[in-house]
Each structure stands twice: as structure tokens, then as C-alpha cells.
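To find a chain, count down the sequence lines: A is the first, B the second, and so on, and within it residues start at 1.
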Amino acid sequence: MAEALSALGEWERSDYAGTLRSEDAGRVVTVMGWVHGRRDHGGVIFIDLRDRSGLVQIVLDPERSALAHAAGAGVRLEFVIAVRGTIVPRSPETVNPDLATGAIEVVGDEVRILNSARPSPFPVDDAIDAAEAVRLRYRYLDLRRPRMFRNLWLRHRLAARTRGYLDAHGFVEVETPVLTRSTPEGARDYLVPSRVNPGTFFALPQSPQLFKQMLMVAGVDRYYQIARCFRDEDLRADRQPEFTQIDLEMSFLGRPAIFRLMEGLVAELFAEADVAMPPLPLPVLGYAEAMARFGCDRPDTRFGLELVDCAPVFAGSGFKVFADALAKGGTIKAIVAPDGSQLSRKDLDDLTEFVAIYGAKGLAWIRVNPDGWQSPIVKFLSDDERARLTAAAGLVPGNVVMLVADTPRIVHDALAALRLRLGAKLGMIDERKKHLVWVTDFPLFEYDEEHRRHVAVHHPFTAPVEEDLDTLERDPLAVRAQAYDLVLNGTEIGGGSVRIHQPTVQARVFGVLGIGAEEAQDKFGFLLEALASGAPPHGGLAFGFDRLVMLLAGEESIREVIAFPKTQKAMDLMTEAPSTVDARQLRELGIKLDR
RNA sequence: GGGGUCGUAGUUCAGCCGGUUAGAACGCCUGCCUGUCACGCAGGAGGUCGCGAGUUCGAGUCUCGUCGGCCCCGCCA
């Protein structure tokens with residue numbers, strides 16, 4: 001049967017459903033929203049009405065209003081209704097303590113059914129048991145769930161607070177182009193063909209990097225933008241092809257002042273999210289120290305299990321695996337689990353399998369039992385080595401030592417991952433804790449074995465540390481960058497640098513990167529000219545806004561804080577983008593497909 | 001590009017060692033029910049077991065391929 005729909009008419013909402021309280025008793029209210037639940041007792045009908053603020057119970061009594069009751073009998077889940085009625089305190093035995101509005105209910109006098117709804121493909125409820133593909137296909141229903149709206153709301157509040165803070169500190173919000181130029185270096189670009197200039201392409205920005213530097217040259221002095229960025233790379237739980245950065249740049253400020261301003265911003269955002277902020281100033285960790293202690297440049301500092309350098313222990317070792325690794329310029333490091341009784345033989349086998357993901361060919365382990373060492377490798381170790389290892393790692397009975405011997409890259413990757421996994425498994429990570437740390441003094445370059453050239457660790461516009469300038473060409477890998485990341489519980493939430501503001505330095509860095517004068521002029525001519533036009537010293541950074549919201553919302557995936565995210569194959573299941581296009585569109589663009 | 005995992009009713013899942021009629025709960029439909037809030041009671045409809053090959057007397061179940069979701073490695077300045 002077709003239920004009779006009503007027009008909204010002259011009705012206006014008086015209150016959000018979830019905000020009603022005992023103090024409202026006696027008021028006549030008009031509430032509007034979705035039918036979240038319906039309990040029809042034949043006589044009286046209860047309807048849970050949901051809007052973005054929460055739920056309130058509507059009571060429809062045939063003796064009070066036969067019309068309202070009849071309307072209520074016709075509604076189904078997710079119908080859109082408006083109810084006019086009176087707030088009445090519930091009798092004590094019918095109070096629902098699980099509901100914010102549970103002390104009262106709305107006794108309905110008139111019900112307008114504003115729209116019907118087909119049966120929902122999944123319950124619009126915070127129970128998160130619908131498959132993500134189904135949620136994404138019907139994202140508009142998924143977003144009706146209170147948890148999802150809470151995330152959207154938090155995101156909005158954090159953006160608003162960001163604008164407020166930056167405005168108060170003299171930052172100017174400037175929009176930069178989304179249709180821009182493809183540049184070498186960095187991630188794969190999303191390309192947009194130009195119809196007017198056949199055969200040429202715009203790129204969507206990986207970040208507004210060069211534009212914000214131009215704004216500094218322009219004298220804007222302090223710039224920010226909550227900017228959409230695009231990178232055509234493979235996705236992860238914390239990576240989407242389009243994502244949002246709080247992008248900032250400042251002139252005439254060095255690192256200390258930049259840190260101070262940014263710490264102030266982060267503190268505001270933590271406050272907005274009602275999350276305890278660590279004391280300021282935040283700790284600063286050098287890249288070299290981070291790598292040595294944690295094996296990675298974004299350490300989770302909430303727990304120990306730090307790496308132990310065992311290369312000196314096994315110098316000249318008779319154990320072939322260790323000796324070979326060292327001979328080839330590799331290293332040996334270890335993690336010590338304090339209480340080995342928490343790790344079964346099977347656990348150790350699983351961990352061996354786990355580190356293999358990162359290229360480690362094995363995980364040597366040693367149980368330090370009170371009556372001696374138990375280990376597959378103990379027979380290969382000399383008494384000296386055992387003594388040195390005991391001293392280096394501070395071993396006491398009960399410990400389990402896990403060692404990886406390989407190239408530094410593999411040792412660090414494997415042990416950094418192992419450390420996180422062990423920390424979780426051994427219950428050493430306090431989820432309530434929030435640890436923020438700056439990581440600084442990154443190398444300016446690293447060597448790309450595949451392409452046999454130096455590449456920028458951060459980006460090609462990052463300033464070298466001044467006292468390292470002399471060795472730029474002679475020993476590029478030893479040059480430190482004036483770059484910094486902000487790390488929250490092991491996740492990089494922001495990163496930036498002091499930029500090069502002198503054209504000569506920029507040209508030298510391009511040189512190390514293998515970008516000759518001609519190519520530099522072709523691709524970055526505007527930058528070099530701008531730097532030569534009175535560029536002030538400047539620097540800045542960008543926060544990964546999605547990640548920050550995710551962490552402050554307590555979510556595990558960035559998709560939970562993005563209204564319409566894409567799947568791991570970069571598809572939008574709701575609109576079914578990307579899609580093929582008409583032959584005519586391609587013809588206009590001068591594009592022929594070869595598959 | 002690679003590894004792992006999942007795919008059965010609208011949804012979440014079960015389905016043994018391959019065995020002939022594929023189940024449950026919630027949702028949906030019909031009827032009953034005046035204080036529920038996971039309302040209750042009675043009845044009913046609903047299935048291309050992701051898709052395609054193969055093995056077999058017989059495949060939801062085994063094999064191969066393929067498509068898709070998620071996690072990870074590579075990649076992501």
C-alpha cells in the first residue's frame with residue numbers, strides 16, 4: 001500500500017531530537033528526522049526518532065490522537081517524519097538510562113510522513129558489522145550512523161579551530177591552483193588533458209609546495225590553506241589518492257619559531273578533540289638517533305623495546321650468518337623482550353615469518369634461561385660473544401633476544417615493524433597515551449639504487465643544514481636537511497622544512513639530483529627566477545589533516561573520517577568512478593586509447 | 001608488481017571427510033498485541049553459494065583462473 005506522504009507545510013523544527021531533556025518537560029516541540037526504531041503494541045506505538053544529534057522516543061497513543069497513531073502505524077525504518085507533540089517526563093519505571101533523552105518522551109499530537117524509504121541494505125546503527133564495500137556503496141546511509149556523523153563533526157570542528165588559530169596568528173588563507181604543472185620527482189601525478197592545448201596535460205597538485213613558496217616571495221609572509229592534494233600511488237589504511245593537508249608557510253622565521261607556532265596549533269586541535277596534550281615544548285629527536293633507537297624515522301615512543309646495536313658484539317664472529325652480514329657492510333641489531341614466557345615457540349616462528357615480509361632472511365632468537373641459553377644459534381657463539389651480548393643488551397634471566405642480521409635498511413625495517421608488533425602483543429602500548437615528537441636532521445638525499453642517482457628525501461626545495469653546505473657536491477649523502485616531521489604515536493602527522501631561498505643553492509641541489517641547468521630552467525625556471533627576485537628566508541610544513549582527524553577520533557582508517565573515500569583500487573563504489581567516457585570527449589581531447 | 005585474507009538470503013554469519021531438500025539470526029511482508037526501548041506472539045516470502053573453467057557418478061565444499069572488499073610489502077619527495 002502506498003502510505004500517504006505529507007508536505008512539510010509551514011512546520012519548522014523547534015529542537016534537535018537528541019538535545020531534549022527533563023527541563024524541556026511541558027514544552028510543545030516539533031522534531032524532524034528518520035525513523036530509527038518502531039515498536040507497535042497494537043495500541044500505543046513507540047517511535048525512536050533520529051537526527052544528527054541523537055534519538056528521542058515518540059509516543060503515539062490512539063486515545064490522544066487517532067490520526068497521529070494511524071500515521072505512526074504506517075511508517076517503516078528510515079522513513080522521514082516530522083512530529084509535533086509535548087515533552088512529558090517518563091514515569092520512573094520507564095526511564096531509559098541508556099539514552100541521553102531517556103528521562104522524557106515526546107507525546108505526539110500530529111505526525112507528518114515527509115518521505116518513505118526502501119528497506120535499508122544494512123542497519124543504520126553504530127554496530128559496525130556491515131562490510132565496508134556495502135557501506136561505501138550506500139555511503140549516504142552509512143553517514144547517518146551516529147559514529148560517522150561524530151567523525152564528520154570533529155573534522156569540521158578541527159578545521160574551524162585551525163582557521164581560527166591561524167587567523168589569530170596572522171596567517172592568510174590563499175587558494176592555489178588545482179590545475180597545475182607536472183613536475184619530476186615525487187609521486188605519480190594525476191593528469192588532466194587540456195582540450196585547448198592538445199597533447200598537453202595539467203597535473204593535479206601533490207601539494208601546493210611551489211605556490212606557497214611563490215607566496216612567500218610575494219611578501220604574503222604567512223600563508224595557510226586547507227588544501228586537497230592528489231597522488232596516484234597505491235592505497236593503504238592511511239592513504240587515499242586525494243587527501244587534505246593543512247598547508248602552511250612562513251617567512252623570516254627559523255625552525256624554533258616554526259615549531260613554537262605549530263605546537264600551539266596542535267595543542268588547540270587536541271583541546272578541540274578533548275584529548276590530553278603532552279607538555280610543550282615537544283621533544284625533538286634527531287633522525288640518526290631515531291633510526292638507532294627505533295629503526296625508523298617515525299617512532300612510537302609510548303613504549304620501550306628499543307633496538308640494541310650488536311654489530312660490535314659479533315665483530316669477527318665465527319657464526320657465518322652474522323659474519324657474512326657484517327662483511328657485506330650490513331649490520332646486526334636486536335630487540336629484547338623482557339619476559340620471554342609471553343612468547344611461545346610458535347610465537348617466535350610467527351615473528352620469523354613476520355620479519356620476512358620486510359626482507360629479513362631470518363630471526364635469530366635466544367632464550368636467556370636461568371640455567372643457560374636456549375637457542376638454535378647458541379652453538380655458534382663463543383663465550384666472548386655471549387659475554388659481550390649480555391653486556392650490550394643488559395640481559396637478565398627470562399629475556400628473549402631477537403636478532404636480525406642484514407643490510408641496515410632491512411634490519412631497521414624488520415626490527416621497527418617487529419618492535420611495534422611485540423609492543424602490541426606484550427600489551428606495552430597504552431592506547432590512551434598520546435606521544436608527540438619532532439624528528440629533525442633528516443638526510444637531504446638518499447641514493448636510489450634502481451635509478452642510480454640521488455633523490456631528495458623530503459623534496460628538492462629543502463634547505464641543507466648550513467654547516468653542511470660545503471660538502472654538498474663532495475659527499476651528498478652526509479648532508480643534513482633542515483627538514484622535520486611531527487610524529488604522533490608512530491604516525492607522521494606533519495612534515496616540512498626550511499626552504500632554499502637563494503637561487504645558487506637551489507641550482508647546486510638540482511645539480512646533485514641530476515637536474516642540469518637546462519632542465520632546471522625548463523621545469524623550474526619560474527622558481528629560480530623567483531628566488532632571484534628577492535626571496536625571503538622561509539619555511540613551513542603541512543599536516544596530514546585526515547590522519548590527524550583519524551587519530552583524534554580514535555579511528556583505525558582514514559576512510560572513517562572522509563565523507564566519500566575510495567577503495568584500495570581507488571574506486572568510488574557509490575558513483576562508480578572512475579568511468580569510461582564518450583568517444584566524442586576523447587576526440588575533443590585528441591586522446592586515443594590503446595586498450 | 002607481490003604476499004595474506006575474505007566473498008553463501010537485503011545484512012551478519014553457519015554449512016563436518018564432496019553426497020542429492022543450503023540453514024540461523026536480524027531485516028522485509030501479513031495478522032495479533034496499550035509502556036516498549038534488541039518489545040513480544042503466530043505465519044510467510046526471500047538464494048546465479050562473486051564469476052568462469054576443470055576434477056568427479058555427484059562441487060557451496062577440491063583444483064586452476066578471474067573479479068571485487070580489506071590488511072600488508074614494493075610504491076607514496
Tell me: CZ of Arg145(A) to C1' of U11(B), nearest whole Å?
-> 13 Å

Basic-acidic side-chain contact under 4.0 Å: Arg139(A), Asp142(A) = yes

Check every strand shown and say whether Leu235(A) touches a base, only sugar-phosphate, or nothing at a heavy-atom separation below 4.0 Å.
-> nothing

When rounded to the nearest Å, what value does the distance between C1' atoms of U8(B) and G23(B) take?
-> 10 Å

What distance, rounded to whole Å, do you find between the two P atoms, one in C26(B) and one in C39(B)?
-> 11 Å

For Lys566(A) and Leu235(A), the nearest pair of non-hydrogen atoms, with its separation, is O-CD2, 4.2 Å

Pair of N/O donor and acceptor under 3.5 Å linking C28(B) base with Arg118(A) side chain | no

Looking at Arg64(A) and Thr86(A), what are the two nearest heavy atoms and their distance?
-> NH2-OG1, 3.5 Å

Among all residues two or more places apart in sequence or in another chain, which pass the side chain to side chain contact (heavy atoms under 4.5 Å, CB included) test with Gln482(A)?
-> Ala463(A), Val465(A), Glu466(A), Val498(A)

At their closest point, which heavy atom of Asp247(A) faces which heavy atom of Pro208(A), and how far apart are they?
-> OD2-CG, 3.4 Å

What's touching nucleotides 3-10 of chain B from the protein side, N or O pairs under 3.5 Å?
from: G10(B); atom 1: O2'; to: Pro121(A); atom 2: O; distance (Å): 3.2

Name the nucleic acid region contacted by Arg236(A), choosing base, sugar-phosphate or nothing; use a 4.0 angstrom heavy-atom cut-off, strictly under.
-> base

Residues that Asp15(A) engages under side chain to side chain contact (heavy atoms under 4.5 Å, CB included), provided they are two or more places apart | Thr19(A), Leu20(A), Arg27(A), Val29(A)

Would you indicate what Ser91(A) reaches in the nucleic acid, counting non-hydrogen atoms under 4.0 angstrom: base, sugar-phosphate, or nothing?
-> nothing

Reckon Arg137(A) touches a base, only the sugar-phosphate, or nothing at all at heavy-atom distances under 4.0 Å?
-> nothing

Considering residues at least two apart in sequence or located in another chain, which fulfil the side chain to side chain contact (heavy atoms under 4.5 Å, CB included) criterion with Gln206(A)?
-> Ala187(A), Asp189(A), Arg231(A)

Under 4.0 Å between any heavy atoms, over every strand shown, what does Tyr358(A) touch: base, sugar-phosphate, or nothing? Just pick one.
-> sugar-phosphate

If you measure from the P atom in G19(B) to the same atom in U36(B), how many Å do you get, rounded?
-> 47 Å

Base C76(B) to side chain Arg239(A), donor-acceptor N/O within 3.5 Å cut-off | yes

For nucleotides 37-39 of chain B, list the nitrogen or oxygen atoms of the protein found under 3.5 Å from its nitrogen or oxygen atoms, one pair per line.
from: C37(B); atom 1: O4'; to: Arg39(A); atom 2: NE; distance (Å): 3.1
from: C37(B); atom 1: O2; to: Gln57(A); atom 2: OE1; distance (Å): 3.3
from: C37(B); atom 1: O2; to: Asn96(A); atom 2: ND2; distance (Å): 3.2
from: C37(B); atom 1: N3; to: Arg90(A); atom 2: NH1; distance (Å): 2.7
from: C37(B); atom 1: N4; to: Arg90(A); atom 2: NH1; distance (Å): 3.3
from: C37(B); atom 1: N4; to: Thr94(A); atom 2: O; distance (Å): 2.4
from: C39(B); atom 1: N4; to: Asp40(A); atom 2: O; distance (Å): 2.4

NA contact type, Glu105(A), heavy-atom cut-off 4.0 Å: base, sugar-phosphate, or nothing?
-> base

Would you indicate what Val457(A) reaches in the nucleic acid, counting non-hydrogen atoms under 4.0 angstrom: base, sugar-phosphate, or nothing?
-> sugar-phosphate

Stretch residues 438-449 of chain A: residues that reach within less than 4.0 Å of RNA chain B through a heavy atom = none

What is the nucleic acid contact for Arg409(A), judged by heavy atoms within less than 4.0 Å: base, sugar-phosphate only, or nothing?
-> sugar-phosphate

